[in-house]
Asks: 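Take this structure, written in structure tokens, and hold onto it; I'll ask about it next.
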Amino acid sequence: MPNINYEIKLDFKDVMLRPKRSTLKSRSDVNLFREITFRNSKQVYNGIPVMASNMDTVGTFEMAQALSKHGLFTCIHKYYNVEQWKKFASENPKSLPHVAASSGMTDADFEKLSQILTSIPGITFICLDVANGYSQHFVEYVRKVRAAFPKHTIIAGNVVTGEMVEELILSGADLIKVGIGPGSMCTTRLKTGVGYPQLSAVLECADAAHGLGGHIISDGGCTCAGDVAKAFGAGADFVMAGGMFSGHDQCEGEVIERNGKKFKLFYGMSSETAMQKHAGGVADYRTSEGKTVEVPYRGDVEPTVLDILGGLRSACTYTGAAKLKELPKRATFIRCTQQLNTIFG
Ligand code: 5GP
């Protein structure tokens, strides 16, 4: 008999943050910077823990330059070669504390990652990212990378349940990427039926990670600054977004003009577009689990960053949190939808 879990599980849209009495005089009093010491690497991070995804359209060097100026982070996509990395590092040394080098799981990926990390000592973060972080093969890869790079901070995912968060942390990861199916370009829930409502995933995974001294990233599903605030309120240490950073000058790809309107191409990393670009097509045994869309062109990313940070400061002010770190302690969520809306809405 299959198990059915009848507990209510929630997405960002199913809740709102309740306002609370506050002694804060102004939004400008709110401190969005966090100092985080990672469990396994023992490295200390100081920045605003909002990240651009390691998608090839969004996780670019240009994005890292723009975001790091404000203390935000970029997981750089895995398709740059070592020479491109070296050029970026020599021209942008101040951005390096705010980037991660991403890697796949093949021997060639490992070799390239090793070359990047040994030739650029300023990179302290590694992002190991697979669609399904539940495979034993992935756990073993995390162990291998931890053994090879004992002092680097390892980001690993994606998972959505506490026991797998614990497994990855105990295998050497520091920051666990949480989210299966919530992404704006993701079709996993439609193609496979697999997924987990994101707010509940964050609440449960943060609890599991923090119990071990680890940390989590809420990855995917944020459509606005309010969703980012909800993810932090639910206990995320970092929030990663792709769609919110898409369509800007700093994204890879040309501006497309049609009928007087401007667009940029944005696509999932498991979309047919990405697989054609990086793997020569969709392999026979699999299906694409990502969409391709033309998103409106939005110019420089700077106003978008300021909008996200303004929204976060305001959320902290409404809930009485003087620092972003205090938001989970101040957060009370009001459920505002029926469960049926969560499934079909
Ligand atoms: P967004 O912020 O756009 O809602 O979600 C971004 C996240 O979606 C990424 O960080 C990544 O975890 C996930 N993602 C990116 N591309 C794909 C894809 O093609 N398929 C799936 N299932 N998830 C994707």
Side-chain angles (χ1 to χ4, degrees), residues 11-13 49-60 63 67 72-79 99-100 102-104 125 127-134 138 155-160 175-199 201-202 205 216-232 236 238-248 251-253 264-279 282-283 286-296 298 301 304-305 308:
D11 259 314
F12 296 132
K13 67 174 167 47
V50 174
M51 292 175 151
S53 289
N54 51 316
M55 299 166 79
D56 66 357
T57 42
V58 164
T60 62
M63 187 64 77
L67 296 196
L72 277 68
F73 198 96
T74 304
C75 283
I76 304 287
H77 68 68
K78 64 182 179 187
Y79 301 102
V99 301
S102 302
S103 172
F125 282 81
C127 177
L128 305 177
D129 170 76
V130 288
N132 175 8
Y134 284 76
F138 181 62
I155 299 170
N158 280 25
V159 299
V160 283
L175 243 180
I176 309 302
K177 260 166 124 238
V178 172
I180 294 188
S184 58
M185 290 301 105
C186 173
T187 56
T188 297
R189 292 176 184 177
L190 297 174
K191 289 283 179 86
T192 70
V194 174
Y196 209 101
Q198 184 66 2
L199 187 94
V202 170
C205 292
I216 69 154
I217 301 169
S218 172
D219 177 18
C222 288
T223 57
C224 54
D227 290 343
V228 178
K230 290 173 189 176
F232 281 123
F238 283 76
V239 176
M240 176 178 272
M244 286 180 72
F245 291 112
S246 69
H248 294 99
C251 298
E252 210 164 271
K264 281 194 100 164
L265 206 62
F266 180 51
Y267 48 83
M269 294 314 295
S270 305
S271 65
E272 220 176 307
T273 310
M275 286 196 254
Q276 287 291 354
K277 192 168 170 192
H278 300 296
V282 183
R286 62 181 294 182
T287 161
S288 98
E289 283 174 32
K291 285 187 252 182
T292 300
V293 295
E294 287 177 358
V295 294
R298 292 195 274 166
V301 77
T304 300
V305 170
I308 296 171

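For ligands, and for the atoms within them, numbers begin at 1 and follow the listed sequence.
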Asks: One residue to check: Asn158. Relative to ligand 1, which of side chain, backbone, both or neither has a non-hydrogen atom less than 4.0 Å away?
Replies: side chain

Asks: Measure the distance from atom 24 (C) of ligand 1 to every protein heavy atom, then report the residue, atom name and distance (to 0.1 Å) of the closest one.
Replies: Cys186 CB, 4.3 Å

Asks: Heavy atoms only: which of Ser184, Gly243, Gly195 lies closest to atom 4 (O) of ligand 1?
Replies: Ser184

Asks: Does a side-chain heavy-atom distance below 4.5 Å link Met240 with Asn54?
Replies: yes

Asks: Counting from 1, what ligand 1 atoms have a heavy atom of Ser53 closer than 4.0 Å?
Replies: 6 (C), 9 (C), 10 (O)

Asks: Taking Lys177 for its side chain and Asp129 for its backbone only, find out whether a donor-acceptor pair lies under 3.5 Å.
Replies: no

Asks: Counting only heavy atoms on the protein side, is anything nearer than 4.0 Å to atom 22 (N) of ligand 1?
Replies: yes

Asks: Measuring to protein heavy atoms, does anything land under 4.0 Å from atom 13 (C) of ligand 1?
Replies: no

Asks: Cys251 and Val58: which non-hydrogen atoms are nearest, and at how many Å?
Replies: SG-CG2, 4.4 Å

Asks: Which atoms from ligand 1 have a heavy atom of Met240 less than 4.0 Å away?
Replies: 10 (O)

Asks: Thr57 versus Leu265: any side-chain heavy-atom pair under 4.5 Å?
Replies: no

Asks: Could you check atom 16 (N) of ligand 1 against the protein and tell me its nearest heavy-atom contact, residue, atom and distance included?
Replies: Met269 N, 2.9 Å

Asks: Counting both backbone and side chain atoms, is some N or O of Met244 under 3.5 Å from an N or O of ligand 1?
Replies: no

Asks: Quiz question: by atom type and distance under 3.5 Å, do the side chains of Ser218 and Gln198 form a donor-acceptor pair?
Replies: yes

Asks: Tell me whether Gly221 reaches ligand 1 (any heavy atom closer than 4.0 angstrom to a ligand atom).
Replies: yes

Asks: Within the structure provided, determine whether Ile176 and Cys205 are in side-chain contact (heavy-atom separation under 4.5 Å).
Replies: no

Asks: Any side-chain heavy atom of Met269 within less than 4.5 Å of one from His77?
Replies: no

Asks: Under 4.0 Å from a heavy atom of Gly290: give me the atoms of ligand 1 that qualify, with their elements.
Replies: 19 (O)

Asks: Under a 4.5 Å cut-off applied to non-hydrogen side-chain atoms, are Val159 and Tyr134 in contact?
Replies: yes

Asks: Quick one: which ligand 1 atoms are inside 4.0 Å of a heavy atom on Ser270?
Replies: 18 (C), 19 (O), 20 (N)

Asks: For atom 15 (C) of ligand 1, what's the nearest protein heavy atom and its distance?
Replies: Met55 CE, 3.6 Å

Asks: When you compare the side chain of Ser53 with that of Asp219, does any pair of heavy atoms fall below 4.5 Å?
Replies: yes

Asks: With respect to atom 10 (O) of ligand 1, which of Leu190, Asp219, Val239, Val178 exhibits the smallest heavy-atom separation?
Replies: Asp219

Asks: Atom 8 (O) of ligand 1: which protein heavy atom is closest, and how many Å away?
Replies: Gly183 CA, 3.7 Å

Asks: Is there a side-chain contact between Phe138 and Leu128 in this structure, where contact means two heavy atoms from C-beta onward sitting under 4.5 Å apart?
Replies: yes

Asks: Find all atoms of ligand 1 within a distance of less than 4.0 Å from any non-hydrogen atom belonging to Ser271, and give their numbers and elements.
Replies: 19 (O)

Asks: From Met55 CE over to Phe245 CZ, what is the distance, rounded to the nearest 0.5 angstrom?
Replies: 12.5 Å

Asks: If the plane angle is over 60° it's perpendicular, under 30° parallel, otherwise tilted; pick one for His278 and Tyr79.
Replies: parallel

Asks: Just go through Gly179, Ala241, Gly220, Pro182 and tell me whose heavy atom is the nearest to atom 5 (O) of ligand 1.
Replies: Gly220

Asks: Between Gly242, Cys75, Cys222, flag the one that comes closest to atom 2 (O) of ligand 1 by a heavy atom.
Replies: Gly242

Asks: Test your reading of the structure: does Thr187 have an N or O sitting under 3.5 Å from an N or O of ligand 1?
Replies: no

Asks: Less than 3.5 Å between some nitrogen or oxygen of Glu289 and one of ligand 1, yes or no?
Replies: yes

